[in-house]
Amino acid sequence: MKTKIWLSSPHMGGNEQKYVNEAFATNWVAPLGPNVNGFESDLEQFLGQDVQVAALSSGTAALHLGLINLGVEAGDEVICQTMTFSASANPIAYLGAKPVFVDSEKQTWNMCPVALEEAIKARTIATGKKPKAIIPVHLYGMPAQMDAIMEVANRYEIPVLEDAAEGLGSTYKGQQCGTFGTMAGLSFNGNKIITTSGGGALVCNTKEQKDHTVFLSTQARDNAPHYQHSHIGYNYRMSNILAGVGRGQMEVLNDRIAARRANHAFYQELFASIEGVTVFSEPSADYFSNHWLSCITIDEAVCGKNREQLRLALLEEEIETRPLWKPMHKQPIFEDAPYYGGTVAEELFEIGLCLPSGSNMTAEERERIATAIRAFFKA
């Protein structure tokens, strides 16, 4: 039996246990404590731009509280990138609001600014009011066209909530992803570039936003000697134990980014001589991707092979791969949601594949992948 090569497995750095042990030794095991404060501070320093970070239980929780902070309520509409994981859109539904999906553009696979403006105009006419927020995604670590997206958003005075779950450490024109909009969600799920097992964070522009987020994430308890609640609250705060894992992971974040980018370079070299296969890469020097996942597209008309054939061939070799995200407007749960744009996201889904990209991938595993891929395209 061959050992499984995973798409993106957790990668511990070594010092996580130190912070976790400190939490146990000092009995800080609740959703507050030195590790929570320290992890938030580490993230704030890494991101720059004088942001404030609230550590939470998941990236989904971050987007949910971000929408609440932005005043999204039942019946409102929120524009969301269609090519993404469902966690980008689900929090819209949690609030009884309605997602409006927009297509990707071909360069970054992220929110198309032209389709974004089309959606804003059309929904304003259709409903008599503007959408309440915009959620672009930094897909697979590739920065979205944030200048163009922010220009449209600012012109129509609609706040932007970045989904930077996959984009920690990626930059656009030298600025960290997650620091362009009014707020941003981060994820530290087990498969992300750094992990706290489960966890996330909301990046805020002001201390007031962060304080309100912490208030909401700890059951919205009023300042009273007894338990009194004037707002609906949530149990979304990150524990001090998991934050300790995050502190250890922050120490190796730059190393993890370098390793993921090295994987991307490996795939670029591997596919350089295989016609019909394109490795998803930065469109210009303005973009710096952490390459959380390395992805390819396959032109069957050129190479005579397709995405699904390669996926199954690699699966036979115990090499995990995965199709690109199926667009949200094609998901059964959102089939009635409005959609604007062309067919870029749909076409990418049909021809794209995510390849093993873990920062702990070994030279022997890369050689196994290369051997399997070369054999597939020669067959």
Side-chain angles (χ1 to χ4, degrees), residues 40 43 47 51-74 76-102 110-111 116 131-141 143-144 146 149-150 153 158-168 170 176-189 191-193 195-196 198-206 209-210 212-218 220 232-238 292 325 327-329 331 333-334 337:
E40 291 174 339
L43 287 164
L47 293 170
V51 296
Q52 298 276 321
V53 173
L56 303 168
S57 59
S58 69
T60 310
L63 294 178
H64 187 191
L65 295 187
L67 290 173
I68 293 173
N69 270 284
L70 297 179
V72 175
E73 298 177 339
D76 289 335
E77 291 190 338
V78 175
I79 296 178
C80 182
Q81 183 169 314
T82 190
M83 191 173 184
T84 185
F85 181 49
S86 62
S88 303
N90 285 340
I92 302 170
Y94 296 168
L95 294 168
K98 300 176 182 178
V100 175
F101 295 111
V102 299
N110 292 315
M111 181 175 282
L116 169 62
K132 204 64 172 286
I134 299 168
I135 303 178
V137 184
H138 302 296
L139 203 66
Y140 304 121
M146 290 311 299
I149 290 170
M150 292 305 301
I158 302 174
V160 169
L161 172 59
E162 290 174 75
D163 183 344
E166 302 169 8
L168 181 62
S170 298
Q176 292 287 339
C177 290
T179 66
F180 290 89
T182 303
M183 291 181 167
L186 302 176
S187 173
F188 311 114
N189 190 31
N191 65 358
K192 294 302 187 291
I193 197 155
T195 183
T196 57
L202 185 65
V203 183
C204 306
N205 279 335
T206 67
Q209 291 171 344
K210 174 180 175 176
H212 188 55
T213 299
V214 172
F215 169 72
L216 293 174
S217 69
T218 50
I232 294 295
Y234 305 87
N235 186 17
Y236 280 173
R237 194 70 162 132
M238 180 180 284
W292 169 61
W325 299 123
M328 287 297 102
H329 74 281
Q331 299 286 353
I333 193 66
F334 293 124

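The first residue in the sequence is number 1, and the count goes up from there.
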The reported gap from SG in C204 to NE2 in H212 (rounded to nearest 0.5 angstrom) is 10.0 Å
Here the gap from L216 atom CG to T218 atom OG1, rounded to the nearest 0.5 Å, amounts to 8.0 Å
By salt bridge (Lys or Arg N to Asp or Glu O under 4.0 Å), E166 pairs with (sequence neighbours left out) none
Across all chains, not counting sequence neighbours, the side chain to side chain contact (heavy atoms under 4.5 Å, CB included) partners of S187 are A165, N189, K192
Between A337 and P99 the two heavy atoms that sit nearest each other are CB-O, 3.5 Å
Smallest heavy-atom separation, A62 atom then A201 atom, equals CB-O, 3.2 Å
d(C80 SG, I134 CD1) to nearest 0.5 Å is 11.0 Å
Contacts of T82 meeting side-chain hydrogen bond (donor to acceptor under 3.5 Å, both in side chains) (sequence neighbours excluded), chain-then-number -> H329
query: Would a 4.5 Å heavy-atom cut-off, applied to side chains only, mark L168 and F188 as touching?
result: yes
Q) Would you say the side chain of L202 lies within less than 4.5 Å of the side chain of L161, judging by non-hydrogen atoms? A) yes
Do Q81 and D163 come within less than 4.5 Å of each other through their side chains, counting heavy atoms only?
-> no
Across all chains, not counting sequence neighbours, the side chain to side chain contact (heavy atoms under 4.5 Å, CB included) partners of T195 are P10, M12, Q249
Q) Is the shortest heavy-atom distance from the side chain of N191 to the side chain of W292 under 4.5 Å? A) yes
Under a 4.5 Å cut-off applied to non-hydrogen side-chain atoms, are I158 and P131 in contact? yes
By ring-ring contact (aromatic ring centres under 6.0 Å, His included), F101 pairs with (sequence neighbours left out) F334
Subject >> Heavy-atom side-chain contact between S170 and H138 under 4.5 Å >> reply: no
When the side chains of residues 90-97 are checked against the rest of the protein, which donor-acceptor pairs come out under 3.5 Å, sequence neighbours left out?
from : atom 1 : to  : atom 2 : distance (Å)
N90  : ND2    : S86 : O      : 3.4

Output for pair (M183 CE, L65 CG), nearest 0.5 Å, gives 9.0 Å
Rounded to the nearest 0.5 angstrom, the CG-CG distance for L63 and L70 is 10.5 Å
A54 meets the side chain to side chain contact (heavy atoms under 4.5 Å, CB included) criterion, sequence neighbours left out, with E40, K210, T213, V214, R237
Rounded to the nearest 0.5 angstrom, the CG-CG distance for N69 and N205 is 11.0 Å
Nearest heavy-atom contact between P159 and T182 is CB-OG1, 3.7 Å
Those residues at least two apart in sequence (or on a different chain) that pass side chain to side chain contact (heavy atoms under 4.5 Å, CB included) with T179 are L47, Q49, V51, Q175, Q176
Looking only at heavy atoms, the pair that brings A144 and I149 closest together is CB-CD1, 3.9 Å
| task | Taking the side chain as every heavy atom from C-beta outward, state whether V160 and E162 have any atom pair closer than 4.5 Å. | result | yes
Residue pairs passing the side-chain hydrogen bond (donor to acceptor under 3.5 Å, both in side chains) test with at least one member in residues 54-67, sequence neighbours excluded, are H64-Y236
For K132, the side-chain hydrogen bond (donor to acceptor under 3.5 Å, both in side chains) test, sequence neighbours excluded, returns D76
